[in-house]
Colleague: 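First the structure, which I've put down as structure tokens, then a few questions once you've had a look.
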Amino acid sequence: YQWTDETMTYFKVSRGFQSGTVNGRAATIADFSKLVEPENLMAYEGGVKSQWFDNRLRINADGFLSEYTNEVVQVIRASQQGFANLQENAGSSEFWGFELEAVALPLRGVEASLNYSYLNTRYLKWMKNGVNVANQRDVREAPDNTIMAGLTYTAPPTSAGVFSAHVDGSWVDSTVNTALRPVVNGVTVPPISVNGNYALFNARLQFVDIPLQKGSLDISAYCHNLANREYRTYGFDLGSQLGFMMSSFGDPPTFGLQL
């Protein structure tokens, strides 16, 4: 609903569906024979979008709730014979959270931005041999808190082109890579395939709209991961089953020039 020229609110309800399937690359006959049931989703979202101070400040916020029935989850099954990525149904799960976005123009040529999101995830029902083991399952790649902030300065245009400088930083909470917790000597233990939280900083300088005889030229120089942060993006530990661990890491400091 558009309350004023600068403020509106909204609310929506949606439904989603994903058809069932089979695990064509299963390592055992039992996993291959088990059907993956269709997934259903009910989603609710509401929020506000607003402009303030003669459109020099924009603030948007929203909250959401997603309720899954038979959510299709990727799991890793490992044994002495090997491992396989399979799909399995979680009986029911619930994701909820909120997001905040703010963009400000405090000075001529300066733009500041801030984004924050909170995510709460949990499995409510996951049956195994007639027992609900939802409290032994973890939602993959779902950080509780994510923050991003940026600052951009754009100089007044000149006949030679337009110069701008940008810096940004982000924070991501720790995440779990596998839904199934490892079993050591027959006992389920806390997740060990975890990516730690990390902060990243980036910068960019650019000069655009440089006039040429035909057309124009844009030049930019950038650096990603200025603080040389070592961080893992994915991995899982199969030490108790197969004796090895797999990990992927983010890029080290990366410099580049674009034309």
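Predicted, not measured: the structure shown is a model, and the values here were computed from it. Just so you know, these numbers use all the heavy atoms, side chains as well, and skip hydrogens, waters and symmetry mates.
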Colleague: Would the number of heavy atoms belonging to other residues, nucleotides or ligands and lying under 6.0 Å from CZ of R140 be above 12?
Modeller: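 Check passes, neighbour count above 12.
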
Colleague: Quick one: closest heavy-atom pair of S50 and I59, and the distance?
Modeller: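 Result for this residue pair: OG-O, 2.8 Å.
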
Colleague: Taking the side chain as everything from C-beta on, heavy atoms only, tell me whether V22 gets closer than 4.5 Å to V36.
Modeller: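 When only atoms from C-beta onward are counted, V36 and V22 do not touch, as no gap falls below 4.5 Å.
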
Colleague: Are F255 and L200 linked, directly or through intermediate hydrophobic residues, by side-chain heavy-atom contacts shorter than 4.5 Å (ILVMFWY only)?
Modeller: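 Looking at the clustering, F255 is in a separate group from L200.
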
Colleague: Is the number of heavy atoms from other residues, nucleotides or ligands under 6.0 Å of Q2 CD greater than 12?
Modeller: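 It does: Q2 CD has more than 12 such atoms within range.
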
Colleague: Is it the case that N70 and N40 place a side-chain donor and acceptor less than 3.5 Å from each other?
Modeller: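 Judged by distance alone, the side chains do not pair up.
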
Colleague: Report yes or no: do V167 and V110 belong to one cluster of Ile/Leu/Val/Met/Phe/Trp/Tyr joined by side chain heavy-atom distances under 4.5 Å?
Modeller: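 V167 clusters together with V110.
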
Colleague: Measure the acute angle between the ring planes of Y198 and Y231, then classify it against the limits of 30° and 60° as parallel, tilted or perpendicular.
Modeller: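 Judged by the thresholds at 30° and 60°, the geometry between Y198 and Y231 is parallel.
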
Colleague: Please check if the number of heavy atoms outside N55 that lie under 6.0 Å from its CG is greater than 12.
Modeller: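 Correct, the count exceeds 12.
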
Colleague: Please report the closest heavy-atom contact between A203 and L226, naming both atoms and the distance.
Modeller: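 Distance-wise, the nearest heavy atoms are CB-CD1, 3.8 Å.
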
Colleague: Do the side chains of M148 and D168 get nearer than 4.5 Å, heavy atoms only?
Modeller: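 No, their side chains stay 4.5 Å or more apart.
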
Colleague: Which residue is it: E88, E71, Q136? I am looking for the one with a side-chain hydrogen bond (donor to acceptor under 3.5 Å, both in side chains) to W126.
Modeller: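 Answer to the side-chain hydrogen bond (donor to acceptor under 3.5 Å, both in side chains) test with W126 among E88, E71, Q136: E88.
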
Colleague: For the hydrophobic clusters of this structure (ILVMFWY residues joined by side-chain heavy atoms under 4.5 Å, transitively), does one cluster hold both L212 and F207?
Modeller: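 Linked within one cluster.
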
Colleague: T175 and E141: side chain to side chain donor-acceptor pair (under 3.5 Å), yes or no, with the steps?
Modeller: CA-CA 5 Å; T175 57; E141 302 172 6; over 6 Å; no

Colleague: When you group the ILVMFWY residues by side-chain heavy-atom contacts below 4.5 Å and let the links chain together, are Y68 and F17 in the same group?
Modeller: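 They do not share one cluster, since no chain of ILVMFWY contacts under 4.5 Å joins F17 to Y68.
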
Colleague: Can you find a side-chain donor-acceptor pair between T152 and E111 that sits under 3.5 Å?
Modeller: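 Short answer, no.
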
Colleague: What is the minimum heavy-atom distance between N225 and D251, and which atoms define it?
Modeller: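 For N225 and D251, the tightest heavy-atom pair comes out as ND2-O, 3.0 Å.
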
Colleague: Work out which heavy atom in G150 is nearest to a heavy atom in H166; give both atom names and the distance.
Modeller: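 Taking every non-hydrogen atom into account, CA-CE1, 4.4 Å.
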
Colleague: What are the two closest heavy atoms between V72 and E39, and how far apart are they?
Modeller: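 Minimum heavy-atom contact is N-OE1, 2.6 Å.
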
Colleague: Verify the cluster assignment for L65 and F98: are they in a single hydrophobic cluster under the rule of side-chain heavy atoms below 4.5 Å apart?
Modeller: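 Cluster IDs for L65 and F98 match.
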
